[in-house]
Amino acid sequence: MRSVSVFGATGSIGESTFDLLMRAGGPAAYRTVALTGGRNVARLAEMAQALRAEIAVTAYDDCLPDLRAALVGTGVAVAAGFAAIAEAADRPADWVMSGIVGAAGLVPGLRALRHGGKLALANKESLVTAGQLLMATAARYEATVLPVDSEHSAIFQALVGEDMGAVERIILTASGGALRDWPMERLADATVAEALAHPNWAMGARITIDSASMFNKALEVIETREFFGIEPAQVEVIIHPESIIHSMVGFRDGAVMAHLGAPDMRHPIGYALNWPERLALPVARLDLAALGALTFRAPDEARFPALRLAREVMAVRGLAGAAFNAAKEIALDHFIAGQLGFMDMAGVVEDTLVRVSSQTRLGNAAETLEDVVQMDHLARIMAAEAAKKRVKGR
Ligand code: NDP
Ligand code: MG
């Protein structure tokens with residue numbers, strides 16, 4: 001029986017993963033090693049019982065009493081805290097879902113790779129903050145990283161049986177997010193609720209807002225560069241409002257392979273779960289006649305400064321990704337808390353990158369976990385200061 005662990009089980013990716021595991025037979029089909037969550041301990045306990053997990057871990061110490069109470073007498077062990085989550089990743093499992101949101105997902109993913117199994121990577125922040133380290137760790141322990149981000153899963157699938165040397169370009173599609181049709185001058189006043197109204201995908205709150213600002217696509221451009229090892233100039237972005245084509249690969253003979261499907265994360269998660277097999281999945285089938293047309297437009301970089309910043313980050317590489325991601329997380333925290341305007345998020349990230357690069361050499365080739373963690377901390381402090389200044393300046 002295959003063993004699995006799910007990090008970030010109570011999130012949007014975690015729920016979809018849980019759904020697929022339960023449909024496949026739950027504890028009759030998989031041995032669940034660890035499930036982790038954050039504040040939603042009631043749900044974590046339910047899932048742990050349904051899958052008969054060996055251990056359930058919450059990221060927060062103050063949530064431990066509730067988790068313990070919910071699982072008393074069930075035989076599921078409990079633990080709390082960041083170190084306990086990392087330790088849960090030390091328990092070997094054949095397949096591990098990396099579904100924590102933010103840079104907090106990096107360490108558990110790195111630790112899980114040491115068992116040489118399969119890491120289904122939804123946590124794109126890992127590749128953005130420490131892409132070289134993550135891929136080198138996977139290679140060292142002969143582990144397999146399977147992309148779960150829909151675009152990267154699409155690219156991965158389009159590349160089956162292909163030679164990377166024949167790839168000319170990768171075209172990432174972007175829905176454009178909730179505010180894609182807003183006039184430019186209104187964007188500065190966009191509220192959290194407005195940025196959360198995603199037209200096609202139901203996802204966690206943070207990635208949904210990142211979709212509206214295109215920071216999500218900026219992270220994905222970097223993720224593409226790191227995961228597929230291609231040059232930044234080979235990565236293109238196109239707005240595709242219907243979210244039916246999940247991405248495309250262009251080859252040197254001019255052919256373009258596109259991956260199409262309903263916008264349902266259970267497809268890329270299920271593909272990673274069953275890889276290298278392709279098994280039946282409970283996703284809606286496309287009705288192309290009903291869709292009628294698929295449309296495309298070029299992204300406007302004035303509207304989406306995040307894309308330009310991603311190019312700058314890729315040009316520097318090294319620790320620039322760690323600084324970029326950390327600054328973005330802080331800017332997003334401030335926007336969600338109502339302390340920063342929607343368009344000011346990119347300003348905070350840019351201010352942080354400028355300041356950090358004036359103080360340290362970001363393009364340092366040696367990317368160790370300590371370097372990454374230090375850069376992450378430094379950028380968070382600087383981004384919080386930049387956010388404060390922007391508020392005052394308004
Ligand atoms: P959610 O916010 O829905 O879920 C995040 C999960 O991580 C929850 O289980 C949450 O616990 C837990 N968590 C939050 N903070 C911490 C922390 N500091 N330490 C440990 N655990 C924590 O996010 P999503 O599921 O939307 O996204 C997860 C990852 O997948 C992100 O990297 C995202 O970019 C990526 N992704 C998501 C897609 C989607 O469709 N949702 C699509 C493509 C990629 P709790 O809720 O209990 O507090
Ligand atoms: Mg995506």
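Counting starts at 1 for both ligands and their atoms, following the listed order. Position 1 is the first residue of the sequence; numbering continues from there.
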(request) Please find the N/O/S atom of D149 nearest to the Mg ion (ligand 2) and write down its name. (result) OD1
(message) Just to be sure I read this right, does ligand 1 sit under 4.0 Å from the backbone of M265, its side chain, both, or neither, counting only heavy atoms?
(response) side chain
(message) Under a 3.5 Å threshold, yes or no: a donor from one side chain and an acceptor from the other, between T295 and E242?
(response) yes
(request) Indicate yes or no: does K328 engage D210 in a salt bridge with an N to O separation below 4.0 Å. (result) yes
(request) Under 4.0 Å, heavy atoms only, figure out whether ligand 1 is touched by the backbone of A122, its side chain, both or neither. (result) both
(request) Just need the protein heavy atom nearest to atom 19 (N) of ligand 1, so name the residue and atom and give the distance. (result) A59 CB, 3.5 Å
(request) Report yes if N40 has an N/O atom closer than 3.5 Å to an N/O atom of ligand 1; otherwise report no. (result) yes
(message) Suppose we only allow N, O or S atoms; which atom of E151 ends up nearest to the Mg ion (ligand 2)?
(response) OE1
(request) Indicate whether any N or O donor in one side chain lies under 3.5 Å from an N or O acceptor in the other, for T173 and H246. (result) no
(message) What protein heavy atom lies closest to atom 16 (C) of ligand 1? Include the residue and the distance to one decimal.
(response) Y60 OH, 3.8 Å
(message) Between ligand 1 and R206, can you find any atom pair, the residue atom being a heavy atom, that is separated by under 4.0 Å?
(response) no
(request) With the Mg ion (ligand 2) as the reference point, give the N/O/S atom of E220 that is nearest. (result) OE2
(message) With a sphere of 6.0 Å drawn around CZ of R311, does it hold more than 12 non-hydrogen atoms of other residues, nucleotides or ligands?
(response) yes
(request) Would you check whether D149 has a nitrogen or oxygen atom less than 3.5 angstrom from a nitrogen or oxygen atom of ligand 1? (result) no
(request) Measure N123 to ligand 1 on non-hydrogen atoms and call it side chain, backbone, both or neither using the 4.0 Å cut-off. (result) both
(message) Using a 3.5 Å distance criterion without hydrogens, assess whether the side chain of H115 forms a donor-acceptor pair with backbone atoms of A143.
(response) no
(message) With respect to I13, determine whether any N or O atom, backbone or side chain, lies less than 3.5 Å from an N or O atom of ligand 1.
(response) yes
(message) Any carboxylate oxygen within less than 4.0 angstrom of a Lys/Arg side-chain nitrogen, looking at K217 and E220?
(response) yes
(message) Show the nearest heavy-atom pair for residues P92 and V33, with the distance to one decimal.
(response) O-CG2, 3.6 Å
(request) Could you tell me whether the side chains of N200 and S243 share a donor-acceptor contact shorter than 3.5 Å? (result) yes
(message) A202 versus ligand 1: do any nitrogen or oxygen atoms come within less than 3.5 Å of each other?
(response) no
(request) Would you mind checking which non-hydrogen protein atom is closest to atom 26 (O) of ligand 1, with the distance to 0.1 Å? (result) G204 N, 2.9 Å
(message) Among all protein heavy atoms in this structure, tell me which lies nearest to atom 3 (O) of ligand 1, with the distance rounded to 0.1 Å.
(response) S12 N, 2.9 Å
(message) Looking at E15, is its backbone amide N or carbonyl O close enough to the side chain of R43 to form a donor-acceptor pair, meaning the two atoms are under 3.5 Å apart?
(response) no
(request) Provide, to 0.1 Å, the distance between atom 13 (N) of ligand 1 and the closest protein heavy atom, together with that atom's residue and name. (result) I100 CG2, 4.3 Å
(message) Between ligand 1 and G99, can you find any atom pair, the residue atom being a heavy atom, that is separated by under 4.0 Å?
(response) yes
(message) Checking a contact table here: which protein heavy atom is nearest atom 4 (O) of ligand 1, and how many Å away?
(response) G11 CA, 3.1 Å
(request) Name the closest protein heavy atom to atom 33 (C) of ligand 1, giving the residue it belongs to and the distance to 0.1 Å. (result) I207 CD1, 3.9 Å
(message) Keeping R278 on the side-chain end and P276 on the backbone end, is there a donor-acceptor pair under 3.5 Å?
(response) no
(message) Testing the basics here: between R303 and R180, what is the closest heavy-atom pair and its distance to 0.1 Å?
(response) NH2-O, 2.9 Å
(request) Measure the distance from atom 11 (O) of ligand 1 to every protein heavy atom, then report the residue, atom name and distance (to 0.1 Å) of the closest one. (result) G38 N, 2.9 Å
